[in-house]
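Taking it in order: structure first as structure tokens, then the write-up.
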Amino acid sequence: MKLFYLSVFFACYATASQAVDLENGDDLHFENCTGCHDSTAYTRDDRKVQSLARLGTQVRFCKDNLGLTWFDDEVNDVIGYLNKEYYHF
């Protein structure tokens with residue numbers, strides 16, 4: 001029984017520590033991405049991003065191209081924001 005409770009605890013802890021901050025993702029996106037992209041880049045029929053993995057690759061590509069020094073959690077915040085707002089993977 002202890003093993004069960006321990007497993008539940010670690011599952012909850014891992015989920016909480018990996019949660020994205022959608023508000024931060026929105027802010028980072030607005031401050032850094034909207035100079036090049038408007039929402040049509042995310043909503044057009046022939047968009048390049050067709051999976052969550054590709055979305056991550058694209059956000060990292062743009063981050064590197066702009067020379068942004070985001071931490072991994074900030075990259076994940078932007079990915080989470082874009083996924084929730086536009087992609088729904």
Side-chain angles (χ1 to χ4, degrees):
M1 190 57 120
K2 286 181 184 180
L3 183 58
F4 171 77
Y5 288 117
L6 204 56
S7 298
V8 170
F9 171 78
F10 283 116
C12 292
Y13 177 78
T15 303
S17 68
Q18 296 173 358
V20 297
D21 182 343
L22 297 177
E23 186 175 327
N24 187 48
D26 184 10
D27 292 343
L28 290 169
H29 174 263
F30 180 77
E31 293 167 7
N32 300 284
C33 306
T34 56
C36 298
H37 304 288
D38 63 11
S39 64
T40 59
Y42 314 125
T43 59
R44 65 183 186 222
D45 289 335
D46 65 336
R47 66 185 184 194
K48 294 179 180 180
V49 173
Q50 298 295 326
S51 69
L52 188 57
R54 179 70 174 124
L55 177 58
T57 300
Q58 190 64 42
V59 169
R60 286 177 183 84
F61 173 79
C62 290
K63 173 193 79 81
D64 293 342
N65 252 3
L66 292 172
L68 300 173
T69 56
W70 290 348
F71 293 104
D72 288 342
D73 59 332
E74 293 170 309
V75 171
N76 291 333
D77 291 347
V78 173
I79 293 167
Y81 165 75
L82 290 173
N83 188 45
K84 181 179 184 299
E85 196 67 27
Y86 299 104
Y87 291 101
H88 313 287
F89 294 124

Do Trp70 and Asn32 come close enough that some side-chain heavy atom pair is under 4.5 Å? yes

Please check if the side chain of Arg60 supplies one atom and the backbone of Gly56 the other of a donor-acceptor pair under 3.5 Å. yes

Would you say Asn83's side chain and Ile79's backbone share a donor-acceptor pair under 3.5 angstrom? no

Can you tell if the side chain of Leu52 reaches within under 4.5 Å of the side chain of Tyr87, non-hydrogen atoms only? no

To the nearest 0.5 Å, what is the distance between CG on Asp26 and NZ on Lys84? 10.0 Å

Taking all non-hydrogen atoms of both residues into account, name the closest pair between Tyr42 and Cys33 and its distance. OH-CB, 4.3 Å

Tell me if the CD atom of Glu31 is crowded by more than 12 foreign heavy atoms within 6.0 Å. yes

Should the ring pair His29 and Tyr86 be called parallel, tilted or perpendicular, given that the plane angle runs from 0 to 90° and is split at 30 and 60? tilted

Value rounded to 0.5 Å, distance of CG in Asp27 from OH in Tyr81: 9.5 Å

Taking atom CZ as the centre, does Phe30 end up with more than 12 heavy-atom neighbours from other residues, nucleotides or ligands that are less than 6.0 angstrom away? no

Kindly check if the number of other-residue, nucleotide or ligand heavy atoms within 6.0 Å of CG (Asp45) is above 12? no

Do any N or O atoms from the side chain of Asp77 and from the backbone of Leu22 form a donor-acceptor pair under 3.5 angstrom? no

side-chain contact (heavy atoms from CB on, under 4.5 Å) with Gln50: of Arg47, Arg54, Lys48, only one passes, and it is Arg47

Pick from Asp73, Val75, Asn76: which one makes a side-chain contact (heavy atoms from CB on, under 4.5 Å) with Val20? Asn76

